[in-house]
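Notes for the one structure printed next.
For the numbers below, each heavy atom of this structure counts, side chains included, while hydrogens, waters and symmetry mates do not. Being a predicted model, the structure only gives us computed values, none of them experimental. We're numbering straight along the sequence, starting at 1.
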Amino acid sequence: MAPQILWIGLGNMGRGMVKNLVEKGNLDKPVILYNRTRKRAEELAAKLPTGKTEIVDSVEEGVKRADIIFHILSNDAVVKANFDTILKGDVAGKLFVECSTIAPETTEEIAKLATEKGAQFIASPIFGAPPAAEAGQLIFVPAGPKSGIDKLRPYIKGVMGKAEIAFDDKPVGTSLKLKLLGNSFIINMVAQLGEGFAVADKTDIGPDALKQFIDLLFGGIYSLYSQRITQGTYWKMAEPLFSADNARKDAGHAMNMAKNAGAELRLTKVADEYLESVADYAGGDKGDIAGIYGAARKNAGLEYENDV
């Protein structure tokens with residue numbers, strides 16, 4: 001008999017993950033959904049097959065009934081606040097799968113509190129943008145007891161993900177360190193693209209030729225972000241794929257991690273300055289990371305929004 005799953009957090013990553021879990025997870029019970037804003041849970045449930053999800057009005061109710069609890073929220077403060085509520089109840093024997101991108105220290109702290117109450121805890125942040133979540137093509141990075149990770153594995157490859165980079169029986173914070181370092185690569189890449197396209201705009205190179213070069217030489221995620229830049233998606237979208245606030249949170253955690261290890265992430269500091277400009281102009285929760293291009297344009301004397 002398959003375990004009862006509770007899903008907490010239906011942001012632009014959680015929604016796609018739940019869709020694939022419901023459609024491909026070989027479950028014999030509805031996935032219980034909890035989101036602070038119930039409307040978001042209702043909208044998702046309406047798009048999925050009837051009877052495959054069930055919405056609860058309190059996190060306590062969902063946790064009480066669940067065997068495995070997936071948890072993906074936006075930042076350290078809300079994750080800690082949610083666990084403050086969750087851990088007031090009986091969690092013995094339950095498995096928490098923490099997918100949020102938070103500080104390694106925060107993850108370790110929550111894991112300690114959960115395991116002291118008899119629960120099992122693994123951290124499993126994910127690599128991939130919302131379209132990858134929708135397509136079931138995420139990369140999972142689980143860390144913690146192997147017995148817990150083994151309970152997660154049936155829902156990774158071929159369900160919500162395409163691969164895993166696992167840290168079996170390693171401290172749960174290890175996976176967050178890789179996640180933050182990996183996100184610093186993405187943030188730095190977008191800063192390089194943003195600056196490059198701003199230079200192309202100010203010279204006779206033009207954005208089309210630069211994008212052609214990127215597509216031919218790099219492709220992949222470079223091309224995807226270049227498309228968001230050149231098509232003006234970064235300022236047209238109603239909901240950011242990767243908000244300036246969340247990108248700055250990740251950049252800050254990554255720089256702190258490096259500092260604690262006696263190293264530096266200097267390029268990430270520059271990218272964070274651009275993200276601060278994006279947040280100031282478009283709003284931290286509304287501005288997309290690709291808006292770094294808009295910030296670079298403003299520094300070059302152009303409008304934040306490109307003309308497309």
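Taking each heavy atom of S100 and V79 in turn, the nearest pair found is OG-CG2, 3.6 Å. The shortest heavy-atom contact between L210 and A200 is CD2-CB, 3.9 Å. Considering every non-hydrogen atom in both L265 and A258, the closest pair reads CG-CB, 3.9 Å.
Although no hydrogens or angles enter the test, the distance criterion places no donor-acceptor pair under 3.5 Å between the side chain of K117 and the main chain of A92. Between the D76 side chain and the A103 main chain, a donor and an acceptor come within less than 3.5 Å of each other. Remark: side-chain polar atoms of N188 are paired, donor with acceptor, to backbone N or O of S184 under 3.5 angstrom. Counting only distance, with no hydrogens or angles, the side chain of T174 and the backbone of K170 share no donor-acceptor pair below 3.5 Å. With N82 contributing its side chain and V78 its backbone, the two residues share no donor-acceptor pair below 3.5 Å. For D215 (side chain) and S223 (main-chain N/O), no donor-acceptor pair under 3.5 Å exists by modelled atom type. The main-chain N or O of P30 is found under 3.5 Å from a side-chain atom of Q4 such that the two form a donor-acceptor pair. Within the 3.5 Å criterion, the main-chain N or O of K39 finds no donor-acceptor partner in the side chain of T37. In this structure, the side chain of K29 does not engage the main chain of I5 through any donor-acceptor pair within 3.5 Å. A distance-only check finds no donor-acceptor pair linking the side chain of R228 to the backbone of T233 [under 3.5 Å].
Checked by atom type, the side-chain pair S147/Q120 shows a donor-acceptor distance below 3.5 Å. Side-chain polar atoms of Y293 and D201 form a donor-acceptor pair below 3.5 angstrom. Counted by atom type alone, K236 and Q231 present zero donor-acceptor pairs between their side chains at under 3.5 Å. Under the 3.5 Å distance criterion, with hydrogens and angles disregarded, a donor-acceptor pair is assigned to the side chains of N306 and W235. Defined by atom type and a distance below 3.5 Å, a donor-acceptor pair is missing between the side-chain atoms of D250 and T101. Using modelled atom types and a 3.5 Å distance limit, the side chains of S243 and D285 yield no donor-acceptor pair. Side chain to side chain, H253 and N183 fail the donor-acceptor criterion of an N or O pair below 3.5 Å. Side-chain contact of E305 with Y281: a donor-acceptor pair under 3.5 Å is present, judged by distance alone.
Residues V31 and L33 are in side-chain contact: their nearest non-hydrogen atoms beyond the backbone lie under 4.5 Å apart. Side-chain contact between T53 and L44: absent, with no pair of heavy atoms (C-beta onward) separated by less than 4.5 Å. Contact check for I139 versus I126: no side-chain heavy atoms found under the 4.5 Å cut-off. Side-chain atoms of L180 and P104, non-hydrogen and from C-beta on, do get closer than 4.5 Å to each other. By the 4.5 Å heavy-atom criterion applied to side chains, F70 and L152 are counted as neighbours. Residues V97 and I69 are not in side-chain contact: their nearest non-hydrogen atoms beyond the backbone lie 4.5 Å or more apart. Contact annotation: the side chain of E134 approaches that of K19 to within less than 4.5 Å [non-hydrogen atoms, C-beta and beyond]. V278 is not listed as a side-chain neighbour of R248, based on a closest heavy-atom distance of 4.5 Å or more.
Residues Y155 and L48 fall within the same hydrophobic cluster, defined by Ile, Leu, Val, Met, Phe, Trp and Tyr side chains chained together at heavy-atom separations under 4.5 Å. Under the 4.5 Å side-chain contact rule for hydrophobic residues, F213 and I221 share a cluster. There is no path of hydrophobic side-chain contacts, each under 4.5 Å, that joins V141 to I72.
With rounding to the nearest 0.5 Å, the separation of CH2 in W7 from CG in N35 is 12.0 Å. Note that the CE atom of M189 and the CG atom of L267 stand 13.5 Å from one another [nearest 0.5 Å]. Between D169 atom CG and I122 atom CD1 the span is 11.5 Å, to the nearest 0.5 Å. The CD atom of E98 sits 6.0 Å away from the CD1 atom of I110 when rounded to the nearest 0.5 Å. Atom-to-atom distance recorded for R297:CZ and I292:CD1 is 15.0 Å, nearest 0.5 angstrom. Between atom CG of residue L193 and atom CD1 of residue I229 there is a gap of 5.0 Å, rounded to the nearest 0.5 Å.
Within a 6.0 Å radius of NZ in K24, other residues, nucleotides and ligands contribute more than 12 heavy atoms. Taking a 6.0 Å sphere around CZ of R65, one finds it holds more than 12 heavy atoms contributed by other residues, nucleotides or ligands. D28 CG: more than 12 foreign heavy atoms inside a 6.0 Å radius. Atom CD of Q212 is surrounded by 12 or fewer heavy atoms from other residues, nucleotides or ligands within 6.0 Å. Within 6.0 Å of atom NZ in K151, more than 12 heavy atoms from other residues, nucleotides or ligands are found, so the atom counts as buried in its surroundings. Taking a 6.0 Å sphere around NZ of K286, one finds it holds 12 or fewer heavy atoms contributed by other residues, nucleotides or ligands. No more than 12 heavy atoms of other residues, nucleotides or ligands sit less than 6.0 Å from atom OH of Y222. For K80, the NZ atom sits in a loose shell: 12 or fewer heavy atoms of surrounding residues, nucleotides or ligands are nearer than 6.0 Å.
Ion pair D57/R38 flagged as a salt bridge, since at least one NZ, NE, NH1 or NH2 atom sits closer than 4.0 Å to an Asp/Glu carboxylate oxygen.
Taking the centre of each ring, F83 and F96 come in below the 6.0 Å mark. You'll find the ring centres of Y234 and Y225 outside the 6.0 Å limit.
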Legend entry - Worked check of side-chain contact (heavy atoms from CB on, under 4.5 Å) between K259 and E264: CA-CA 6 Å; K259 182 179 179 181; E264 291 182 285; over 6 Å; no
Inset, instruction - Begin from the C-alpha positions of E61 and Y34 and carry the test side-chain hydrogen bond (donor to acceptor under 3.5 Å, both in side chains) through to its verdict. - result: CA-CA 9 Å; E61 178 187 353; Y34 174 78; over 6 Å; no
